[in-house]
Amino acid sequence: MGFLDIQNVTKSYGSVEVLHRVDIEVQEGEFLVLVGPSGCGKSTLLNMIAGLESITSGDISIKGRVVNGVHPSKRNIAMVFQSYALYPNMTVGQNMTFGLEMHGTPKAERDRALKDVAKLLQIENLLDRKPGQLSGGQRQRVAMGRALVRDPDVFLFDEPLSNLDAKLRVDMRTEIKKLHEKLKTTIVYVTHDQIEAMTLSTRIAVMYQGYVQQLGTPKEIYDTPANVYVATFMGSPAMNVLPARVLMHEGVPHAQIKDAGGVEKLLKFSQANMSDWAGKEILLGIRPESITDPDGADRNSNNIVPFRNRIGVTEPAGADTFVTMELGGIDIVARMRADANVGAGQEFDFAINMDKAVAFDPKTEERIKP
């Protein structure tokens, strides 16, 4: 049993079921990120943990206690909202300790908690200001501080960085990561940003249409996606997924695809089990960083396949150059080194790391497991 248990939980509005049999165990000190597009059910699930939404069926437990129907104030959770939800007429210090005051915490204890958390978040000089005098990043720190002074069992974050500009979002991600590593708190964090999910989490639950598509570590989600949806949602640029046919060549399974000129090429699989798919159509998944120039290929790979193809478009992006080309009848993206000598219309020798390739069943879109 986990520290926070979500067992067979569903949520319906009338006859419409929006969350379908969600099962997640969150261990103490874990940082779980719920990620997915708008409308996938991630915020609804978070609100059910908080007690802001009722549970249609199933159980949610915190520290072994079922909290179905328990009032939010009795769950010992703290929530940080997207909108910060600060009282404009109160100072920063009053905002941070208001919850403790409502719970009858003695003033000396409130003051001590405020001092400790303000020092931790480096906002000691802001305690006498009003929220209207703060920047977005400062308001977010205050909202986090208000949660921290409570010392709850579980922290819930609902897209807390979405109102910040790009640079500040990166800075605050780092601060939240440092905070978690320092305090070892249990966090459930909702975001639609897959970069946030990958960088912050110890585990990720990828959600879509009310279902948990995959639950795993960032590495598991990235390297071995459960299905085509997870493969294309997680990663920037997304994983290339292209149609292919499995053929046996010299007793070894290969993916047969067509290059930009329509010429059929063979890419040797690393997975021996792909021989079971000989003669069948599949979807082949290759991350952009697994398609590069020969000098930039992964030297630890045992299966680098050379591949000549015509470049369509090049996009310099600072540390990388992204190359778009046609493969398997669709446009795919390769991630090259910044100094790669590539140009549109050029015939170029690529290297494909087939150790990192994954295959999907085109009917179910589920990953074909080794």
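Quick note: numbers below take in every heavy atom, side chains included, and nothing from hydrogens, waters or symmetry partners.
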Where do A351 and A297 come nearest, in terms of heavy atoms and distance?
CB-CB, 4.0 Å
How would you list, by chain and number, every residue that makes a ring pair (Phe, Tyr, Trp, His ring centres under 6.0 Å) with F81, sequence neighbours excluded?
none
For T10 and S57, test the side chains for any donor-to-acceptor distance below 3.5 angstrom and give the result as yes or no.
yes
Measure across I286 and A357 and return the closest heavy-atom pair with its distance rounded to 0.1 Å.
CG1-CB, 4.3 Å
With no hydrogens and no angle check, is any side-chain donor or acceptor of E315 less than 3.5 Å from a backbone partner on V323?
no
Can you check whether D23 reaches Q7 side chain to side chain, under 4.5 Å on heavy atoms?
yes
Trace of the side-chain contact (heavy atoms from CB on, under 4.5 Å) decision for K265 with F307
CA-CA 8 Å; K265 301 286 183 72; F307 193 96; 3.4 Å; yes
CA sep, side-chain torsions, deciding dist, call: E124, K119, salt bridge (Lys or Arg N to Asp or Glu O under 4.0 Å):
CA-CA 6 Å; E124 296 150 293; K119 183 178 180 181; over 6 Å; no
What's the spacing between K258 NZ and E326 CD if we round to 0.5 Å?
10.5 Å
For L114, check side-chain contact (heavy atoms from CB on, under 4.5 Å) against everything at least two apart and list the hits.
M96, T97, L127
Would you find a donor on one side and an acceptor on the other, under 3.5 Å apart, between the side chain of R75 and the backbone of I49?
yes
Do any N or O atoms from the side chain of Q213 and from the backbone of V230 form a donor-acceptor pair under 3.5 angstrom?
no
List the steps and the verdict of side-chain hydrogen bond (donor to acceptor under 3.5 Å, both in side chains) for D128 and T91.
CA-CA 5 Å; D128 294 325; T91 66; 5.4 Å; no
Nearest heavy atoms of A197 and T191, plus distance in Å
N-CG2, 4.2 Å
Any side-chain hydrogen bond (donor to acceptor under 3.5 Å, both in side chains) involving residues 151-164? Give me the pairs, sequence neighbours left out, ordered by first then second residue.
S43-D158, N76-D153, Q82-S162, E159-H192
Side-chain donor/acceptor of N95 to backbone N/O of A143, under 3.5 Å
no
Does L126 reach the side chain of Q138, with side-chain heavy atoms less than 4.5 Å apart?
yes
Less than 4.5 Å apart, side chain to side chain, heavy atoms only: is that true for L34 and V188?
yes
Would you say the side chains of N353 and S301 form a donor-acceptor pair under 3.5 Å?
yes
Ignoring hydrogens and geometry, is there a side-chain-to-backbone donor-acceptor pair from T217 to E220 under 3.5 Å?
yes
Any chance you could measure I352, atom CD1, to L267, atom CG, to the nearest 0.5 Å?
5.0 Å
Do V26 and T186 have side chains that get closer than 4.5 Å, going by heavy atoms?
yes
Contact check, side chains of R203 and F31, non-hydrogen atoms, under 4.5 Å
no
Distance, nearest 0.5 Å, that separates CE of M234 from CE of M198
5.5 Å
Would you find a donor on one side and an acceptor on the other, under 3.5 Å apart, between the side chain of Q140 and the backbone of G137?
no
Would you call V212 and I24 a side-chain contact if the rule is heavy atoms closer than 4.5 Å?
yes
Considering all heavy atoms of both residues, which atom of L284 and which atom of A255 are nearest to each other, and what is their separation?
CD2-CB, 4.1 Å
R21 side chain vs V9 backbone, donor-acceptor pair below 3.5 Å
no
Got M248 and P253 here, is their nearest side-chain heavy-atom distance under 4.5 Å?
yes
Please evaluate residues I304 and R299 with respect to the criterion side-chain contact (heavy atoms from CB on, under 4.5 Å), reporting the C-alpha separation (whole Å), side-chain torsions for both, the decisive distance (0.1 Å), and the verdict.
CA-CA 9 Å; I304 299 293; R299 300 189 185 281; over 6 Å; no
Who passes side-chain contact (heavy atoms from CB on, under 4.5 Å) against P237, sequence neighbours left out?
P288, F322, V333, R335
Taking atom types as modelled, find out whether D59 and N68 have a side-chain donor-acceptor pair closer than 3.5 angstrom.
yes
Note, V358 side chain near M239 side chain (heavy atom, < 4.5 Å):
yes
Supply the atom-to-atom distance T185 OG1 to L179 CG, rounded to the nearest 0.5 angstrom.
6.5 Å
When you measure from the side chain of K42 to the backbone N and O of G36, does any donor-acceptor pair fall under 3.5 Å?
yes
Under the ring pair (Phe, Tyr, Trp, His ring centres under 6.0 Å) rule, collect the residues that match up with F350, sequence neighbours excluded.
F348
Quick one: closest heavy-atom pair of S290 and K356, and the distance?
OG-CB, 3.4 Å
Output the distance between atom CG (L4) and atom CD1 (I62), rounded to the nearest 0.5 Å.
6.0 Å
Residues forming a ring pair (Phe, Tyr, Trp, His ring centres under 6.0 Å) with H254, sequence neighbours excluded:
H249
So, using salt bridge (charged side-chain N to carboxylate O under 4.0 Å, His left out) as the criterion, who are the partners of R129 when residues are at least two apart?
none
Could you tell me whether D165 and R169 have a side-chain N and a carboxylate O separated by less than 4.0 Å?
no
If you look only at distance, which donor and acceptor atoms sit under 3.5 Å apart when one is on a side chain in residues 100-108 and the other is two or more places apart or in another chain?
| unit_1 | atom_1 | unit_2 | atom_2 | d |
| --- | --- | --- | --- | --- |
| H103 | ND1 | G99 | O | 2.9 |
| T105 | OG1 | L100 | O | 3.1 |
| K107 | NZ | D111 | OD2 | 2.8 |

Kindly say whether G29 contributes a backbone atom to a donor-acceptor pair with the side chain of H180 at under 3.5 angstrom?
yes
Who are the side-chain contact (heavy atoms from CB on, under 4.5 Å) partners of I195, not counting sequence neighbours?
R173, D193, T199, S236
Just by modelled atom types, is the A338 backbone N or O under 3.5 Å from a matching donor or acceptor in the D320 side chain?
no
Start with the C-alpha distance between D293 and R337, add both sets of side-chain angles, then the distance that settles salt bridge (Lys or Arg N to Asp or Glu O under 4.0 Å), and finish with yes or no.
CA-CA 8 Å; D293 60 289; R337 294 173 299 161; 2.7 Å; yes
Sequence neighbours left out, what pairs pass ring pair (Phe, Tyr, Trp, His ring centres under 6.0 Å) with at least one residue falling in residues 200-221?
H20-Y211, Y208-Y229
Taking every non-hydrogen atom, the tightest pair across P362 and W277:
CD-CZ3, 4.4 Å
Applying side-chain contact (heavy atoms from CB on, under 4.5 Å) to E53 and not counting sequence neighbours gives K11, Y13, N47, M48
Quick one: do E30 and F3 satisfy side-chain contact (heavy atoms from CB on, under 4.5 Å)? Show the steps, please.
CA-CA 9 Å; E30 190 170 8; F3 189 77; over 6 Å; no
dist M336:CE -> T292:OG1 (nearest 0.5 Å) comes out at 4.5 Å
Which residue pairs pass the salt bridge (Lys or Arg N to Asp or Glu O under 4.0 Å) test with at least one member in residues 359-370, sequence neighbours excluded?
none
